[in-house]
Amino acid sequence: MTMSSGDDPTVQPAGEPAEQPTVSLHTGALPSLDSQELGVREALRKGDWSRAGALLREFSAPHVERFLDRTDPKDVPVVFRLLDKDVAVDVFAAIEPRQQRDLIEGLQDDDVQELFGQLQASGQARLLDEMPAEVAQQLLASLPGSQRDSAGTVLGYPAGSVGRRMRPVLIELRSEWTVAEALDAIREADIPERRQRFIARLPVVAHAHQLQGMIELSRLVTADQGATIESLMDADVLAVLATEDDETAARLCAEHDLLALPVTDETHRIVGLLTVDQAFDILEEEESEDSQRAGGSTPLAQPYLSTPVKRLFRARIVWLLVLAIGAILTVQVLEVFEETLETMVVLSLFVPLLIGTGGNTGNQAATTVTRALALGDVRPRDVVRVLRRELLVGLSLGATLGSLGLLVAGLVYSWSLGAVIGSTLLAVCTLAASVGSLMPLLAKKIGVDPAVFSNPFISTVVDALGLIVYFLIARLILGI
């Protein structure tokens, strides 16, 4: 059937201006995400599962993930059962392994096995690490043969290695192919839509999966159809071994602005890819862990509001007990110099100032060096250079604060006491900066996370040493 010019809405009679399409704008206020979440929480509180399910179906997968992050752990399984299957699978794959473990405890076995089977091998391995051995074996046994082999391969890599975090290679190209052949192979691979973003950078391999190069999909789709992959690929490829530390690999991926970093075995066969989104996830996790350890707490590995209170208690109590034991050192020092304090009680007035200044100086140095280690700016072999720099910084800080202490204490009390306070500040700042810079380097050298030498721990050590220095200087200058 054909249309006349009068029937075609895109053809206007000559001489008449074309009618512009109108756009209808919604001027009413759209409900905010917070108000939607409140509606779900209210429905859950009243036990109105139908309304809660209807509201949840309006949420996107990222919104559901955020909602679960802010939901009481006991309500998470209920919310999860109300989700559409596709959304539930996407959300389960996106949440933290510890959240997955808590969720599994509240779901039926059939639901758990189905969700577990939808995860990639790296996600399955991370979840199995969180589960008790008996449950982990049951979950692994529930997988089909090929999936079980893939998960077993990933589990064979050391914990904390990039092999545990890599994504599988969805398609491999050959160097002798033309662009047209490569694009046909990509289409025939029938990659699921939710995984298509993982093929932004593709590996080029020879026989036995030997890595030859990498090529970006964007370059393929714009190249001449007859060009060969070999003429277009990047042959100078940056790759990492599957046993490499995952944070190191993530930093390489981010620093070189790579869409995907190839992961190989010892024979240079490609075994997986670390994608840029995974790299940033790893770096974010490491940053979060470092900040929690620096505050004297075990990393939670999941959002705060979805963490059970008992787990919050366990994350903090161990460090508090360690620090309490360490604080006994300070008490012991005060006891040793009790006679000195009795002779000149005014010395006790400056104890909080001195130990506080020393602790803060040590924390600053430790935080700076720990960050530099994480970024690769310094290495344990740079210990002499780092110590030299921190000695100079500590001396400069101590001289500045010591001069102020000398002036204030001298004018208010006596110049001899001012000399004690000024000299102590000079010594304590220098000592604290040195100790604070050395501890992270020592930790890295012996294979311990530098963040374990957290700020409270450094403060405890510096407090005790600072008090010893203080009273020794007081005895020397005041002759007591």
Side-chain angles (χ1 to χ4, degrees), residues 60-62 65 89-97 100 118-127 129 147 150-151 153-155 157-173 182-183 185-187 189-205 209 211-221 229 232-265 268-288 374 376:
S60 63
E65 183 185 350
V89 169
D90 290 342
V91 171
F92 188 78
I95 60 178
E96 297 293 334
Q100 293 173 339
Q118 294 290 336
L119 294 176
Q120 294 189 37
S122 58
Q124 291 168 343
R126 294 185 71 200
L127 176 55
D129 282 339
Q147 275 191 293
S150 298
T153 299
V154 173
L155 285 168
Y157 296 114
S161 67
V162 68
R164 289 289 192 100
R165 304 298 294 268
M166 65 187 180
R167 297 192 188 278
V169 179
L170 299 177
I171 185 169
E172 297 175 347
L173 306 182
L183 292 175
I186 293 172
R187 295 188 191 97
D190 194 24
I191 299 169
E193 183 176 351
R194 62 192 180 95
R195 294 192 178 185
Q196 287 177 4
R197 60 193 178 96
F198 302 145
I199 61 170
R201 192 168 188 242
L202 299 166
V204 182
V205 300
H209 308 285
L211 182 64
Q212 284 188 303
M214 298 289 291
I215 186 169
E216 294 187 8
L217 182 61
S218 58
R219 189 170 188 185
L220 271 182
V221 298
I229 299 300
L232 298 172
M233 72 180 186
D234 179 12
D236 185 17
V237 180
L238 178 66
V240 293
L241 289 174
T243 53
E244 181 65 78
D245 177 71
D246 57 359
E247 184 181 0
T248 302
R251 292 203 180 280
L252 281 175
C253 187
E255 289 170 3
H256 291 269
D257 198 22
L258 301 176
L259 295 174
L261 177 68
V263 182
T264 65
D265 61 13
H268 204 56
R269 292 188 309 167
I270 188 165
V271 294
L273 293 169
L274 181 71
T275 57
V276 64
D277 59 326
Q278 289 177 297
F280 284 114
D281 284 345
I282 292 170
L283 295 177
E284 183 181 359
E285 290 171 12
E286 292 294 335
E287 182 73 21
S288 176

Q: What are the two closest heavy atoms between Met166 and Val263, and how far apart are they?
A: SD-CG1, 3.8 Å
Q: Got more than 12 heavy atoms from elsewhere within 6.0 Å of NE2, His268?
A: yes
Q: What is the distance from atom CG of Leu170 to atom CG of Leu273, rounded to the nearest 0.5 Å?
A: 8.0 Å
Q: How long is the span from the CZ atom in Arg167 to the OG1 atom in Thr275, to the nearest 0.5 Å?
A: 4.0 Å
Q: Evaluate the side-chain proximity of Asp246 to Arg164: yes if any heavy-atom separation is below 4.5 Å, no if none is.
A: no
Q: Within this structure, what is the CD-CD distance for the pair Glu172 and Gln212, rounded to the nearest 0.5 Å?
A: 11.0 Å
Q: Atom CD of Glu285 and atom CD of Gln278: how far apart are they, to the nearest 0.5 Å?
A: 10.5 Å
Q: To the nearest 0.5 Å, what is the distance between CG (Leu274) and CG (Leu259)?
A: 12.0 Å
Q: Which distance, rounded to the nearest 0.5 Å, do you find between the CG of Leu202 and the CG of Leu220?
A: 6.5 Å
Q: Would you check if Leu283 and Glu247 make a side-chain contact, meaning some heavy-atom pair closer than 4.5 Å?
A: yes
Q: Taking all atoms of both residues into account, what is the closest heavy-atom pair of Ala239 and Leu211, and its distance?
A: CB-CD2, 4.2 Å
Q: Looking only at non-hydrogen atoms, find the nearest pair between Ala250 and Ala279 and report the distance.
A: CB-O, 3.5 Å
Q: Is any side-chain heavy atom of Arg201 closer than 4.5 Å to one of Asp234?
A: yes
Q: Tell me the closest heavy-atom pair linking His256 and Leu238, and the distance in Å.
A: CD2-CD2, 3.5 Å
Q: Contact between Val169 and Val205 at the side-chain level, heavy atoms closer than 4.5 Å - yes or no?
A: no
Q: Is the shortest side-chain heavy-atom distance between Val271 and Tyr157 below 4.5 Å?
A: yes
Q: If I compare all heavy atoms of Gly213 with all of Met233, which pair ends up nearest, and what's the gap?
A: CA-SD, 4.1 Å
Q: Check Leu261 against Ala249 and note the closest heavy-atom contact, atom names and distance.
A: CD2-O, 3.5 Å
Q: Just so I know, are the side chains of Thr264 and Leu241 near enough to count as touching, which here means a heavy-atom distance under 4.5 Å?
A: yes
